[in-house]
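Here is the structure we will look at, set down as structure tokens.
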Amino acid sequence: MAKKQKSFRPKARRPRGFRDRAGAEILAEQAMLRRITAVYASYGFAPLETPAFEYTDALGKFLPDVDRPNQGVFSLQDDDEQWMSLRYDLTAPLARHVAENYDGLPKPFRRYQVGTVWRNEKPGPGRFREFTQCDADTVGAPAPHADAEAIMMFADAIEAAGLSAEDVTIRVSSRKVMSGLLEAIGLDMGESGQSGTVLRAMDKYDRLGAEGVRLLLGEGRKDDSGDFTKGAGLSAGQSDAVLAFMEAASEDNAGALSAMRGVMGQSAIGAEGADELSAIAETLDALGYGARAKIDPSVVRGLDYYTGPVFEAEVTFPVTNEKGEEVVFGSVGSGGRYDDLVKRFKGTEVPAVGCSVGVSRLLTALAARGEAEAARGPVVVLALEAERMPVYHRMAADLRAQGIAAEVYLGGSGMRAQLKYADRRGASVVVIQGEDERAEGKVTVKDLDLGAKLSQTVESNEEWRAGQPAQVTVAEGEMVAAVKRALGR
RNA sequence: GCCGCCUUAGCUCAGUAGGUUAGAGCGCUUGAUUGUGGAUCAAGAGGUCCCCCGUUCGAACCGGGGAGGCGGUACCA
């Protein structure tokens, strides 16, 4: 009773792994999405939207043998007790959509989709629990040509997003050759966790190198932080085979494939995968994508719904965080073939292949290269005399009519503060009509960019005060034209 | 999940063998420079020193627990 009762104030904070975004970042993402979807559309794909929530069973995300959704998806129970989950990718909802509308859709069905997805995982550098994906998929196309097309379109999309061909490598492999490898060393793809451990170890080849992978294939490995990862427990001979397979990657796709075939021996599934990859590589080379997209057995991809070719894109330049530290930066997009996903609903096999561009990560990568464009603000019309507000609004309206973004200053501060405001908004131009101009029926148009530039050479206070070379005073009727000149239009 | 590092003003960071009013730079606000952002000068605002518990006469500083951030590692269905 002694203490003064404090009123409750919630702490203003965001949930972990989620973030606010504003201004330039949103504009950059929108621009990137426009460029990517334009590529998809040019390949003949049509847009589709699906809801953020799906029934958990439609996503296939119930924990094994338990009546609860998997960790990793955000889930809640509807008022009828049914579990719903936020989508964690755009592929599962596509499969549901296709299965639900199967008879009415043209096959192959080609759609692209932009959407937010959610993953209940630990956030990492450039990794969040809410992010945007931009996918394109072809459903009902069994031929390896569809896979080749998906890879080429994927490459085009990333290039359109702003990463040139040299900035990115696309590594291509196939679930089938991985099965072939496992078969060759006497493991069954479906059986136990061991094959999974082997695949995950392979996935780390580019990061840990041959020695690290060998440890993970065998007893296990202790990483730099001192954490121990249990290995797959393979024999030395088995590990040798896996590593030989990994080292099959080379400049030459044909060479890589023949080396992979050598390791896989008699495996039928492996041979099938290699044949498909061979066909894909042929198309990629013929169309000029060979330098960017290479056969590389170290691509694995976690998603277990892939059934055939898989691919993923990584940036080739170093990425640093805001502290300037170089950071392990994962893929900026991926894709592959998933022939069984629609089958879950329909019973019949519906082959499908697609790609997914990680827009948020691409933006992070581009930002890390310092390529964020400074966004320009609107023209700001100063409000100097309260009774003249309608006139200021008229000026702004006249500018908008010419397609120029413009706003009237609506705060309560003086001229100095208004200019400061315009400066912070990134305005290039301000329109000023104070007492003096009004008396003469004129308007002053001030070029802030030019002024800033000129100010760099100004030395003395007098010079600073004296000249305002970056502004012109014109008749009211000339205002729009003067603004256009200042904007360089 | 596991391992490591970190958490002092809006930002970047100092700081003290534990001892009354916790600092700097930048930023911000206001003013000066005959109505003007960016130069210059002056003044000012702004901090539960992440949170809780403990040790102590006394803790931002020591101990324990927790949270958050960053990085690595695992997982990523």
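Chain letters run A, B, ... following the sequence lines, proteins first, then strands; residues in each count from 1.
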Watson-Crick or G-U wobble mate for [N], both contacts under 3.5 Å:
N      : value
B:rA17 : none
B:rU12 : B:rA24
B:rG58 : none
B:rG63 : B:rC53
B:rA42 : B:rU30
B:rG1  : B:rU73
B:rU48 : none

N or O in side chain of [X] less than 4.0 angstrom from [N] OP1/OP2:
X        : N      : result
A:Arg416 : B:rG37 : yes
A:Lys420 : B:rU29 : yes
A:Lys204 : B:rA74 : yes
A:Arg200 : B:rC75 : yes
A:Arg207 : B:rA74 : yes

[N] to [M] separation - [atom1] atoms, rounded to the nearest Å:
N      : M      : atom1 : value
B:rA32 : B:rA24 : P     : 26 Å
B:rU36 : B:rG25 : C1'   : 28 Å
B:rU7  : B:rA14 : P     : 8 Å
B:rG23 : B:rA39 : P     : 28 Å
B:rC26 : B:rG63 : C1'   : 37 Å
B:rU16 : B:rU73 : C1'   : 37 Å
B:rA22 : B:rA67 : C1'   : 24 Å
B:rA17 : B:rC13 : P     : 23 Å

Is the gap between the ring centers of A:Phe18 and A:Phe128 under 6.0 Å?
no

Please report, rounded to the nearest Å, how far the [atom2] atom of [N] is from the [atom1] atom of [X].
X        : N      : atom1 : atom2 : result
A:Arg129 : B:rC76 : CZ    : C1'   : 14 Å
A:Lys122 : B:rA74 : NZ    : P     : 11 Å
A:Leu419 : B:rU36 : CG    : P     : 9 Å
A:Leu215 : B:rA74 : CG    : P     : 12 Å
A:Arg424 : B:rC28 : CZ    : P     : 6 Å
A:Asp203 : B:rA74 : CG    : P     : 10 Å
A:Arg16  : B:rU7  : CZ    : P     : 20 Å
A:Lys446 : B:rU36 : NZ    : P     : 10 Å

Which atoms form the tightest heavy-atom contact between A:Val353 and A:Ala150, and what is the distance?
CG2-CB, 4.1 Å

Tightest non-hydrogen contact, residues A:Met32 and A:Ala161, listed as CE-O, 3.5 Å

Using a cut-off of 4.0 Å on non-hydrogen atoms, how would the nucleic acid contact of [X] be classed: base, sugar-phosphate, or nothing?
X        : result
A:Lys230 : nothing
A:Glu437 : base
A:Val430 : nothing
A:Leu382 : nothing

Can a side-chain donor-acceptor contact be found between A:Arg111 and A:Gln113 if the only test is distance below 3.5 angstrom?
yes

Would you say the side chains of A:Thr473 and A:Thr444 form a donor-acceptor pair under 3.5 Å?
yes

When you look at CZ of A:Arg400, are more than 12 heavy atoms from neighbouring residues, nucleotides or ligands closer to it than 6.0 Å?
yes

Of A:Ala427 and A:Thr197, the one whose nearest nucleotide on RNA chain B sits closer to the 5' end is A:Ala427

Quick check: do A:Leu384 and A:Gln418 have side-chain heavy atoms less than 4.5 Å from each other?
yes

Heavy-atom donor-acceptor pair, A:Gln418 side-chain to B:rU36 base, under 3.5 Å
no

Which one, B:rA74, B:rA77, B:rU36, comes nearest to the side chain of A:Thr229?
B:rA74

Are A:Arg361 and A:Phe131 in a cation-pi setup, meaning NZ or CZ lies under 6.0 angstrom from the ring centre and within 45 degrees of the ring axis?
no

